Amino acid sequence: MNYGLLGASLVLGLTAIGAGLGIGACAQGAIGAWKKCFITNKPAPMTLLVFAGFPLTQIFYAFILMGQIKPLAAANPEAGLFYLGFAVIAGIAIGVTAIIQGKAGATACDALCETGKGFAQYISVISISEPVALFTMVFTMISLQL
C-alpha cells in the first residue's frame, strides 16, 4: 500500500471536512441573524452570504497540495509515510482555518444584522486566518521538495 497516495486524498478530505464545518457554522449564524432582521422588520442583508463563502477557499489550497503530493508519492512509494504525515497535518491545519473563518463569519452575520455597520471590518477579521492556510500550503509544498 502506498501511504503517500492515501495522504494525497486525506489532505483534500480533511480540509473539506473543515470547510463544511466552517460553512455550517456561518450558515447557522446567517440564518439566526436574518431571523432577527425579520422579527424587527429590518432588511435582511444578502451580504451575509459573503461571510459563509470564506471557508470554501481552503479547498482550493488543499486541491493544489493534493496535486503536488500525488505524483511525488506515486514516484516514491518507499517514502509514503513521509508524504502521509505532511498531508494529514496540512489537511488538519488548512481545515481548522476554515472552521475559524466560519465561526468568525457567524459572529459577523449577527453583528452586521444588528448594527447595519462594519462590513469591511468584519471581512478584514475573517480574512486574517486565510494566510495561515495559504502559508501551510506553500510551506508544505516547499518541504516536500527537500
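Everything numeric here is computed off the predicted structure, so don't read it as measured data. Residue numbers run from 1 in the order of the sequence given.
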Given side-chain contact (heavy atoms from CB on, under 4.5 Å), test S143 with F86 step by step and report yes or no. CA-CA 9 Å; S143 297; F86 265 100; 3.5 Å; yes

So how far is it from L112 CG to K117 NZ, rounded to the nearest 0.5 Å? 11.5 Å

Whether K42 side chain and T115 backbone form a donor-acceptor pair below 3.5 Å: no

Are F82 and I142 in one and the same hydrophobic cluster, where Ile, Leu, Val, Met, Phe, Trp and Tyr link if side-chain heavy atoms are under 4.5 Å apart? yes

Candidate pair F54 and I123, rule side-chain contact (heavy atoms from CB on, under 4.5 Å), full reasoning: CA-CA 9 Å; F54 265 88; I123 290 286; 3.5 Å; yes

Apart from L21 itself, its cluster of hydrophobic side chains linked below 4.5 Å comprises I17, I99

Which distance, rounded to the nearest 0.5 Å, do you find between the CE of M66 and the OG1 of T15? 10.5 Å

Passes side-chain contact (heavy atoms from CB on, under 4.5 Å), Y83 versus N76? Steps please. CA-CA 9 Å; Y83 297 119; N76 304 298; 3.4 Å; yes

Decide yes or no on side-chain contact (heavy atoms from CB on, under 4.5 Å) for Q68 and M137, but give the supporting numbers first. CA-CA 10 Å; Q68 293 290 311; M137 178 193 73; over 6 Å; no

With rounding to the nearest 0.5 Å, note down the distance linking NZ in K35 to CD1 in I39. 5.0 Å

Does F139 belong to the same Ile/Leu/Val/Met/Phe/Trp/Tyr cluster as L65, with side-chain heavy atoms less than 4.5 Å apart forming each link? yes

Is there a path from V50 to Y122 through hydrophobic residues (I, L, V, M, F, W, Y) whose side chains come within less than 4.5 Å of each other? yes

Distance-minimising heavy-atom pair for C26 and G105: SG-C, 3.5 Å

When every non-hydrogen atom of A52 is compared with those of P55, the smallest separation belongs to O-CD, 3.3 Å

Considering residues, nucleotides and ligands other than F60, do more than 12 of their heavy atoms fall under 6.0 Å from its CZ? no

Rounded at 0.5 Å granularity, tell me how far CE in M141 sits from CG in L72. 10.0 Å

For T97 and I94, indicate whether the former's side chain and the latter's backbone hold a donor-acceptor pair under 3.5 Å. yes

Following the transitive rule for hydrophobic clusters with a side-chain heavy-atom cut-off under 4.5 Å over Ile, Leu, Val, Met, Phe, Trp and Tyr, establish whether I59 and L134 coincide in one cluster. yes

Nearest atoms (heavy-atom pairs only) where A73 meets G4: CB-C, 3.4 Å

Path from Y61 to V138 over hydrophobic side-chain contacts below 4.5 Å: yes

Flag, side chain of W34 to backbone of P43, donor-acceptor distance under 3.5 Å: no

With rounding to the nearest 0.5 angstrom, report the SG to CD distance, C37 to E114. 9.5 Å

Minimum-distance pair of heavy atoms, taken over all atoms of A87 and G7: CB-O, 3.0 Å

Run the ring-centre check on F51 versus F119 and record whether the distance is less than 6.0 Å. yes

If you measure from CZ on F63 to CD on Q58, what distance do you get to the nearest 0.5 Å? 16.0 Å

For I92, the hydrophobic cluster (side chain heavy atoms closer than 4.5 Å, chained through members) also holds M1, Y3, L6, L10, L14, L81, L84, V88, V96, I100

What one should report as the nearest heavy-atom pair of I126 and A108 is CD1-CB, 4.0 Å

Considering all heavy atoms of both residues, which atom of G67 and which atom of P71 are nearest to each other, and what is their separation? O-CD, 3.0 Å

Any donor-acceptor N/O pair, D110 side chain to G32 backbone, under 3.5 Å: no

